[in-house]
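What follows is a short report on a single structure.
Predicted model only: the values in this text are computed from it and were never measured. Note that these values count all heavy atoms, side chains included, but never hydrogens, waters or copies made by symmetry.
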Amino acid sequence: MEGKEKILYYVAGLFDCGGKISFRKDPRSKTSVYLHITIKSKTQEALEPVKELFGGSLRKNKRRVYLILSHKKAREFLKTIKDYTLSSKEEIENVLKLFEIKFSNQYEKERKKKILKEVVKDFKNTKVKHGKSSVRKFVEE
């Protein structure tokens with residue numbers, strides 16, 4: 001096993017244990033959501049390899065350290081670790097499918113919004129969350 005592959009297994013393991021995928025309403029538009037990933041750990045050193053590989057920002061509180069990735073960085077993160085994760089593979093594939101729909105110019109605006117809503121509703125009983133009230137309203141409109 002090569003060095004980069006070992007790091008990717010480590011990163012995927014961190015994500016499987018302490019990672020969360022969520023959607024946030026994009027404040028710039030009324031018809032869009034963006035991807036938001038949070039990975040938590042007790043120490044900053046555990047998250048440093050992830051930050052070096054994918055970027056993002058570190059946030060700390062008294063007990064935990066959080067690495068936050070959003071938009072393109074979050075999408076690239078999921079594309080990269082998809083084949084290395086054990087428990088989150090199905091959710092990652094569904095999220096990536098959602099963003100293929102979102103960024104294709106194949107659908108007109110209203111139809112694209114309808115498709116986005118349908119895909120986001122499928123995440124209701126998975127690790128993927130859309131708990132922000134603005135996203136919940138977007139999905140339920």
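- Nearest heavy-atom pair, Gln44 versus Val65, reported as atom, atom and distance to 0.1 Å: N-CG2, 3.8 Å.
- In this structure, the side chains of Leu35 and Leu78 come closer than 4.5 Å at one or more pairs of heavy atoms.
- A donor-acceptor contact shorter than 3.5 Å links the side chain of Lys51 to the backbone of Gly56.
- Thr38 contributes no side-chain N or O that, together with a main-chain N or O of Lys20, makes up a donor-acceptor pair within less than 3.5 Å.
- Note on residues 72-95: pairs passing ring-ring contact (aromatic ring centres under 6.0 Å, His included), not counting sequence neighbours, are Tyr9-Tyr84, Phe15-Phe77, Phe54-Phe77.
- The hydrophobic cluster containing Tyr10 also contains Ile81, counting ILVMFWY residues as joined when their side-chain heavy atoms lie under 4.5 angstrom apart, directly or transitively.
- In this structure, Val50 is a member of the same hydrophobic cluster as Leu58, with clusters built from ILVMFWY side-chain heavy atoms closer than 4.5 Å.
- Under the side-chain contact (heavy atoms from CB on, under 4.5 Å) criterion, Lys89 pairs with Asp83, Thr85, Glu93, sequence neighbours left out.
- Looking at heavy atoms from C-beta onward, Tyr66 lies out of side-chain contact with Leu47 at the 4.5 angstrom threshold.
- Annotation: the span from Thr43 atom OG1 to Lys60 atom NZ amounts to 10.5 Å, rounded to 0.5 Å.
- Distance check: Thr80 OG1 to Lys4 NZ gives 7.0 Å after rounding to the nearest 0.5 Å.
- To the nearest 0.5 Å, atoms NE2 (His36) and CG (Leu69) are separated by 8.5 Å.
- For Lys79, the salt bridge (Lys or Arg N to Asp or Glu O under 4.0 Å) partners at least two apart in sequence or on another chain are Glu76.
- In this structure the side chain of Val95 never reaches within 4.5 angstrom of the side chain of Arg75, judged on heavy atoms.
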